[in-house]
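First comes the structure, then the notes that go with it.
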Amino acid sequence: MTNPNDVNGDKELTLTRIFDAPRELVWKSWTNPELLAKWWGPAGFQTPKESIDIDLRVGGRFNLCMVQINTGTEIWIQHEIIELVEPRLLVLRSEEQTDLRLSAMITRVQFDELDGKTKMTLYNGPYSKEMNHAISGWEQSFDKLGKLFK
């Protein structure tokens, strides 16, 4: 489920997925480089395990590099972990500014137990422009994540 919001001119998105996997496994898929490398990035991208640097603590790092398969173009993503409640909540902040971002980008991922499954809700923003590519990128990534649990 996708819900783009426009808050005071700042666009934010909310994505919700239900995975047929226990919460601890979905959490681990976000925080274990071996698993993260298997799903992070939209179609046409891969994330080499060697590029992933996670220091799982408040104030720690959540850094990685997505590589476009056809061109080899690298997209480095660097976050600071600003909130962490294992295995329920991961909040990341990126200070990088691009043409899509107004200010610090916040990525908040909430993991809720749901009868042996996991409801994962991602909040991401703010965006200063149309965010269709961000929505499709996250959705494609989550499609790959869901395949880990089949």
Side-chain angles (χ1 to χ4, degrees), residues 1-5 10-111 118-150:
M1 179 168 74
T2 306
N3 178 23
N5 301 306
D10 298 345
K11 293 174 174 52
E12 297 178 346
L13 65 91
T14 303
L15 298 172
T16 301
R17 286 282 179 104
I18 296 175
F19 295 109
D20 191 10
R23 177 170 67 174
E24 289 74 16
L25 181 56
V26 180
W27 169 266
K28 199 174 190 181
S29 299
W30 274 83
T31 59
N32 177 300
E34 188 86 28
L35 294 173
L36 188 66
K38 293 180 179 182
W39 68 269
W40 187 278
F45 284 84
Q46 63 185 6
T47 300
K49 182 181 70 160
E50 301 76 34
S51 78
I52 300 171
D53 179 23
I54 299 174
D55 179 9
L56 196 58
R57 62 180 176 84
V58 173
R61 296 172 308 284
F62 189 98
N63 301 335
L64 53 84
C65 180
M66 294 188 311
V67 179
Q68 191 170 23
I69 294 169
N70 292 343
T71 66
T73 301
E74 296 182 347
I75 300 173
W76 286 91
I77 300 170
Q78 299 181 339
H79 291 100
E80 176 187 2
I81 298 171
I82 59 172
E83 203 172 335
L84 178 70
V85 181
E86 191 171 339
R88 294 182 325 174
L89 181 66
L90 178 63
V91 183
L92 309 170
R93 177 178 56 217
S94 173
E95 295 293 340
E96 299 170 36
Q97 293 188 11
T98 69
D99 60 342
L100 290 175
R101 302 177 185 172
L102 293 173
S103 58
M105 175 73 66
I106 302 295
T107 303
R108 176 185 176 91
V109 190
Q110 185 173 320
F111 305 86
T118 302
K119 177 182 174 187
M120 185 185 78
T121 306
L122 175 125
Y123 306 92
N124 189 234
Y127 291 88
S128 60
K129 293 187 175 183
E130 181 58 48
M131 57 188 174
N132 285 340
H133 93 283
I135 292 169
S136 66
W138 280 116
E139 288 179 340
Q140 291 170 21
S141 293
F142 294 164
D143 289 345
K144 289 165 50 176
L145 176 58
K147 290 178 183 174
L148 292 182
F149 310 128
K150 294 189 184 231

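Side chains included, hydrogens not; waters and symmetry mates left out as well; all remaining heavy atoms used. Numbering starts at 1 and runs along the sequence shown.
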**Prompt:** Between the side chain of K28 and the main-chain N/O of L35, is any donor-acceptor distance below 3.5 Å?
**Reply:** no
**Item:** Contact summary for N124 and M105, nearest pair of heavy atoms
**Value:** ND2-SD, 3.6 Å
**Complete:** Between P87 and F111 the two heavy atoms that sit nearest each other are O-CB, 3.4 Å
**Item:** Any donor-acceptor N or O pair under 3.5 Å, side chains Q78, W76
**Value:** no
**Request:** Might you point out which heavy atoms bring E12 and P126 nearest each other, and give the distance in Å?
**Result:** CG-CA, 4.2 Å
**Asked** How far does CD of E83 sit from CZ of R108, to the nearest 0.5 angstrom?
**Response** 5.5 Å
**Fill in**
dist F62:CZ -> L84:CG (nearest 0.5 Å) comes out at 11.0 Å
**Prompt:** Is the backbone N or O of I52 less than 3.5 Å from a side-chain atom of N63, with the two atoms forming a donor-acceptor pair by type?
**Reply:** no
**Asked** Should L36 and I54 be marked as a side chain to side chain contact (heavy atoms under 4.5 Å, CB included) after you check the CA-CA gap, both sets of side-chain angles, and the distance that decides it?
**Response** CA-CA 10 Å; L36 188 66; I54 299 174; 3.9 Å; yes
**Prompt:** Side chain of T118, backbone of V26: donor and acceptor closer than 3.5 Å?
**Reply:** no
**R17 (side chain) donor-acceptor with E139 (main chain) under 3.5 angstrom** = yes
**Request:** Please assess D20 against F149 for the test side chain to side chain contact (heavy atoms under 4.5 Å, CB included), listing each intermediate value before the final yes or no.
**Result:** CA-CA 7 Å; D20 191 10; F149 310 128; 5.5 Å; no
**Message:** For a quick test of reading the model, state the closest non-hydrogen atom pair linking E80 to G59 and the distance between them.
**Reply:** OE2-CA, 3.8 Å
**Point-to-point distance, once rounded to the nearest 0.5 Å, from CD of Q110 to OH of Y123** = 5.0 Å
**Full working for side chain to side chain contact (heavy atoms under 4.5 Å, CB included) between I106 and V91** = CA-CA 7 Å; I106 302 295; V91 183; 4.0 Å; yes
**Prompt:** M66 and F45: which non-hydrogen atoms are nearest, and at how many Å?
**Reply:** CB-CD2, 4.0 Å
**Request:** Output yes when a side-chain donor or acceptor of Q68 lies under 3.5 Å from a complementary backbone atom of T73, and no otherwise.
**Result:** no
**Prompt:** Are M120 and L145 close enough, and set up right, to give a side chain to side chain contact (heavy atoms under 4.5 Å, CB included), and what steps lead you there?
**Reply:** CA-CA 11 Å; M120 185 185 78; L145 176 58; 4.2 Å; yes
**Message:** Keeping W138 on the side-chain end and L15 on the backbone end, is there a donor-acceptor pair under 3.5 Å?
**Reply:** no
**Message:** For the CD1 atom of I77 and the SG atom of C65, what is their distance to the nearest 0.5 Å?
**Reply:** 8.0 Å
**Asked** Does the side chain of I81 reach to within under 4.5 Å of the side chain of L92, using non-hydrogen atoms?
**Response** yes
**Fill in**
Between W39 and S29 the two heavy atoms that sit nearest each other are NE1-O, 2.7 Å
**Asked** Say you draw a straight line from CZ of R23 to CD of E86; how long is it, rounded to the nearest 0.5 Å?
**Response** 10.5 Å
**Item:** T107 and L90, any side-chain heavy atoms less than 4.5 Å apart
**Value:** no
**Complete:** In this structure, CG of L148 is separated from NZ of K38 (nearest 0.5 Å) by 6.5 Å
